[in-house]
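Position 1 is the first residue of the sequence; numbering continues from there.
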Amino acid sequence: MCAMTTRPCPCGRPESYAACCGRFHAGTAAAPTAEALMRSRYSAFVVGDAGYLLRTWHPGTRPERLDLDPRTRWTGLEILGATDGSAFHSTGTVTFRASYRGGSLHERSRFERVDGAWVYVDGDFPDE
């Protein structure tokens, strides 16, 4: 991951990976909003950080393990909308499109705060 630290963050923000999602992955900061958590989870898929994905998954819906396909090449993230999910909320949703070589994933993800930290609960796939 060292080469990633100076590159632009995969989540699409202009900061470097280290200054953006990398600090969440390393555990030196926590995502302050549901959207920031969603972006950091996308970046975790890009860099193959299954541990972060599991740590940021709601304990009630988290799988026991997560096997990422190393052949999947994520190519971009587009945030389509967000509801609530700020420091003033306990829940939020983020609708996004994550592109990968050969297709894309369109999802509306639900997030909740657990012990003060944002976690991914689940998602559905809205009609295009």
Side-chain angles (χ1 to χ4, degrees):
M1 264 199 260
C2 292
M4 284 291 300
T5 59
T6 57
R7 292 189 181 157
C9 193
C11 81
R13 296 245 184 240
E15 296 89 4
S16 70
Y17 169 73
C20 194
C21 294
R23 62 198 173 110
F24 304 142
H25 296 171
T28 59
T33 65
E35 181 180 329
L37 180 65
M38 200 255 105
R39 287 179 176 277
S40 71
R41 287 176 57 83
Y42 169 81
S43 292
F45 276 101
V46 172
V47 301
D49 191 344
Y52 179 78
L53 293 166
L54 289 170
R55 285 191 307 277
T56 58
W57 210 310
H58 191 283
T61 58
R62 176 177 46 225
E64 286 189 30
R65 56 183 276 182
L66 185 62
D67 296 318
L68 301 179
D69 184 346
R71 298 169 299 185
T72 301
R73 297 290 177 240
W74 296 97
T75 58
L77 176 66
E78 180 184 5
I79 302 297
L80 303 173
T83 305
D84 298 334
S86 77
F88 303 105
H89 300 106
S90 59
T91 63
T93 62
V94 179
T95 304
F96 67 92
R97 179 171 288 110
S99 300
Y100 56 90
R101 196 174 297 152
S104 67
L105 169 70
H106 183 198
E107 181 176 314
R108 181 176 35 246
S109 296
R110 292 187 322 121
F111 298 89
E112 289 182 7
R113 283 186 185 267
V114 173
D115 297 329
W118 286 107
V119 293
Y120 169 78
V121 177
D122 59 17
D124 59 37
F125 306 102
D127 295 332
E128 294 288 329

Exercise. Is there a side-chain contact between F96 and M38, using heavy atoms and a 4.5 Å cut-off?
Worked result: yes
For this session: Show the numbers, then the answer: is there a side-chain contact (heavy atoms from CB on, under 4.5 Å) between V94 and F111?
Result: CA-CA 8 Å; V94 179; F111 298 89; 3.9 Å; yes
Exercise. Within the side chain of R110, is there an N or O that forms a donor-acceptor pair under 3.5 Å with the backbone of D122?
Worked result: no
Problem set entry | Heavy-atom donor-acceptor pair, R62 side chain to W57 backbone, under 3.5 Å | yes
Exercise. Just by modelled atom types, is the R23 backbone N or O under 3.5 Å from a matching donor or acceptor in the T28 side chain?
Worked result: yes
Exercise. Please walk me through it: do L53 and L68 pass side-chain contact (heavy atoms from CB on, under 4.5 Å)?
Worked result: CA-CA 10 Å; L53 293 166; L68 301 179; 4.1 Å; yes
Problem set entry | Sidechain-backbone polar pair: T61 side chain, V121 backbone, donor-acceptor under 3.5 Å | yes
Exercise. How long is the span from the CZ atom in R113 to the OG atom in S90, to the nearest 0.5 Å?
Worked result: 8.0 Å
Exercise. Is a side-chain N or O of H25 found less than 3.5 angstrom from the main chain of Y52, in a donor-acceptor match?
Worked result: no
For this session: Quick one: closest heavy-atom pair of G85 and H89, and the distance?
Result: N-ND1, 3.4 Å
Seminar exercise, completed: What one should report as the nearest heavy-atom pair of G60 and H58 is N-ND1, 2.8 Å
Problem set entry | Side chain proximity check, L77 to R97, heavy atoms < 4.5 angstrom | no
For this session: Starting at OG of S99, measure out to CZ of R73 and round the result to the nearest 0.5 Å.
Result: 15.5 Å
Exercise. What heavy-atom pair brings A82 and E35 nearest, and what distance separates the two atoms?
Worked result: CB-OE1, 4.3 Å
Problem set entry | Closest non-hydrogen atom pair, L37 against W118 | CD2-O, 3.2 Å
For this session: Give the C-alpha distance, both sets of side-chain angles, the deciding distance and a yes or no for side-chain contact (heavy atoms from CB on, under 4.5 Å) between L54 and E64.
Result: CA-CA 8 Å; L54 289 170; E64 286 189 30; over 6 Å; no
For this session: Compare every heavy atom of C20 with every heavy atom of C11, then report the nearest pair and how far apart it is.
Result: SG-SG, 3.7 Å
Problem set entry | Exercise: do T56 and R41 side chains pair donor with acceptor under 3.5 Å | yes
Exercise. What closest approach, in Å, do Y17 and P10 show between heavy atoms, and which atom pair accounts for it?
Worked result: CD1-CD, 3.8 Å
For this session: Let me see the working for F125 and L105 under side-chain contact (heavy atoms from CB on, under 4.5 Å), right down to the final yes or no.
Result: CA-CA 8 Å; F125 306 102; L105 169 70; 3.4 Å; yes
For this session: Fit a plane to each ring of W74 and Y42, take the angle between them on a 0 to 90° scale, and name the class: parallel (under 30°), tilted (30 to 60°) or perpendicular (over 60°).
Result: perpendicular
